[in-house]
Number of protein chains: 2
Amino acid sequence: MKRLIYDARLKSVPEPTLRRLPIYHRYIKELKKDHWTFVSCTDIGEEFKLEPTQVRKDLEVTGIVGKPRVGYPIAALIAAIEEFLGFNNVNEAFLVGAGSMGAALIGYDKFQDYGLNIVAAFDNDAAKIGKIVHGKTILAIHKMPDMARKMHILIGIITVPGSAAQEVADLMIQGGICAIWNFAPVRLRVSDNIIVHNEDLYCSLASLSQKVAQAIRLRAEEMPS
Amino acid sequence: MKRLIYDARLKSVPEPTLRRLPIYHRYIKELKKDHWTFVSCTDIGEEFKLEPTQVRKDLEVTGIVGKPRVGYPIAALIAAIEEFLGFNNVNEAFLVGAGSMGAALIGYDKFQDYGLNIVAAFDNDAAKIGKIVHGKTILAIHKMPDMARKMHILIGIITVPGSAAQEVADLMIQGGICAIWNFAPVRLRVSDNIIVHNEDLYCSLASLSQKVAQAIRLRAEEMPS
DNA sequence: TAGATTGTTAATCGATTAACAATC
DNA sequence: TAGATTGTTAATCGATTAACAATC
């Protein structure tokens, strides 16, 4: 049973794994509060209706080593997930678009725990510039690229309308930003060294909508009135 | 080349397909504005860097029939996607949790186009009840289940803190709601006839965080200072 | 010791991609 | 007609699940 250190360059981690790890992390932190010291894949799998094997595969990428018969030491496991997901090195981020979604995100104070610190917010609307939102002053967008470069900002959050998103993305990249969390309903055209995460609520809603529509269709067939 | 009508009961549509269709839909509507009449999978694939075959497979689920050599008639294709995704039968929804995220969602006026109409918003905070947000009065949460049942509401949106989410979900289901769009960072325990869509921004952020952390690690290795 | 769980390899499943005849 | 694109089947790829020896 030799064990190789996981080398992230060889193979990128599956996206489903990346999205399950924070779920596990949350649960395991709860267990720690309840003074558990070990947790098994069976425990985690039962909580989220997942196969223990899948949980084990997921945890494997963090490099954690477990004990047969008992599971994984909780404190070490939490640390391994946090280290792997980059929660420890908190990165500073700029947010552009101080509308209601932007304001909501500025207010998410737990983002810090996940490696994100929104240090400034920008807008192009004179009515918004200078206003304070959740303790942060909204700055003029034209200041953003220079500030980003000076402050070595790596992450940008886009919460502007779709029509302005590409322009904002270009400015961010100009300022040295290399990862964009995009809430605008637009696919951004960027070079492929830029990480883009689309949070397109309309697409998510469309998927929900289809399932509801299908459920209604099936129900109508089963009970013809 | 016989063609069977797609029967949604036989096989559920892959989630990736459901999330790509609205993207195509948006693009094709743009093309229609520019007076295109036909669009091919090659066109769509080039726009989004996808294989034409994949686009074709995706469009197939809508039942649209194309013309070899020219592609799909734009107007019919838009109609087919909208019908398939359930954009035509707009469903009424209740939103619970009038915090900043709730307020942002109430303000998303395009949700109607995707089959969702937020008709009422609720909260348990006396300070919020009675307030008007984006033209909608915030109601007391205790009124929600009865109102949902009387108004035949099918969709619930949860934007409360994680600690309250399960309780809200239970109330929604009690009111006859069968589909939940959950923005709280919690996995809801519901019976499996309830559709749950988790919009867990922390998980999404964690995935972004990991990629940024990895990019930084690689960069550090490539340029040792 | 007995048995539950780990680590790891193999099999399965589902989604993507390739191949190609049909066709406009 | 020639050739691009559809519709459809087969091959590939990647993620999930199953199997099982090692082990505490």
Side-chain angles (χ1 to χ4, degrees), chain A residues 1-8 10-21 23-24 28 31 36-74 76-77 80-81 84 207 210, chain B residues 1-8 10-21 23-24 28 31 36-74 76-77 80-81 84 207 210:
Chain A
M1 256 209 298
K2 70 173 183 296
R3 179 156 240 290
L4 296 162
I5 302 275
Y6 186 80
D7 189 342
L10 298 179
K11 224 198 284 181
S12 75
V13 181
E15 187 68 26
T17 295
L18 289 181
R19 302 218 168 220
R20 279 188 300 262
L21 282 172
I23 310 278
Y24 304 160
I28 299 162
L31 297 182
W36 288 42
T37 50
F38 280 84
V39 63
S40 74
C41 296
T42 318
D43 297 328
I44 299 173
E46 270 171 17
E47 176 71 12
F48 301 111
K49 289 187 189 159
L50 298 170
E51 293 293 326
T53 317
Q54 175 161 87
V55 177
R56 201 167 305 122
K57 268 257 157 67
D58 288 340
L59 297 184
E60 194 192 3
V61 305
T62 68
I64 187 75
V65 176
K67 274 202 183 48
R69 179 84 231 252
V70 271
Y72 301 87
I74 289 230
L77 181 52
I81 296 175
F84 175 75
S207 158
Q210 193 274 338
Chain B
M1 256 208 299
K2 70 173 184 297
R3 179 156 241 290
L4 296 163
I5 302 276
Y6 185 80
D7 189 343
L10 298 180
K11 224 196 287 180
S12 75
V13 181
E15 188 68 27
T17 295
L18 289 181
R19 302 217 167 220
R20 281 188 299 262
L21 282 172
I23 310 277
Y24 303 161
I28 300 163
L31 296 182
W36 287 42
T37 52
F38 281 83
V39 63
S40 73
C41 295
T42 319
D43 297 328
I44 299 173
E46 271 171 16
E47 177 71 13
F48 302 111
K49 289 186 189 160
L50 298 169
E51 292 295 326
T53 316
Q54 176 161 87
V55 177
R56 202 168 304 122
K57 268 259 158 66
D58 288 340
L59 298 183
E60 194 192 2
V61 305
T62 69
I64 188 75
V65 176
K67 276 200 183 47
R69 180 82 233 253
V70 272
Y72 301 87
I74 289 230
L77 181 51
I81 296 175
F84 176 75
S207 158
Q210 193 275 338

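In the text below, chain A, chain B and the rest are named by the order of the sequence lines, each starting its count at 1. In this text the structure is predicted, and so the values were computed from the model without any measurement.
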Worksheet entry | Residue met sooner reading DNA chain C from 5', once A/T42 and B/K67 are mapped to nucleotides | A/T42
Practice prompt. Counting Watson-Crick and G-U wobble pairs only, both distances under 3.5 Å, name the nucleotide matched with D/dC24, or none.
Written response: C/dG3
Response to the item:
Checking N1-N3 plus N6-O4 or O6-N4 for Watson-Crick, or N1-O2 and O6-N3 for wobble, each under 3.5 Å, the partner of D/dA18 is C/dT9
Quickly work out the [X] [atom1] to [N] [atom2] distance and round it to whole Å.
{"X": "B/K49", "N": "C/dT17", "atom1": "NZ", "atom2": "P", "answer": "14 Å"}
{"X": "A/K57", "N": "C/dT5", "atom1": "NZ", "atom2": "P", "answer": "19 Å"}
{"X": "B/R69", "N": "C/dA22", "atom1": "CZ", "atom2": "C1'", "answer": "15 Å"}

Practice prompt. Side chain of B/Q54 only, please: which of D/dT16, C/dT17, C/dG7 is the nearest?
Written response: C/dT17
Practice prompt. Would you mind telling me which of D/dA19, D/dT6, C/dT6 lies closest to the side-chain atoms of A/R56?
Written response: C/dT6
Discussion item. Using a 4.0 Å heavy-atom cut-off, does A/S40 contact any base of the nucleic acid, only the sugar-phosphate backbone, or nothing at all?
Written reply: sugar-phosphate
Worksheet item: With a 4.0 Å cut-off on heavy atoms, is B/P16 in touch with a base, just the backbone sugar-phosphate, or nothing at all?
Response: sugar-phosphate
Discussion item. Strictly below 4.0 Å: does B/Y72 bring a side-chain N or O up to OP1 or OP2 of D/dG7?
Written reply: yes
Worksheet entry | Residue-phosphate contact under 4.0 Å: A/R20 side-chain N/O, D/dT16 OP1/OP2 | yes
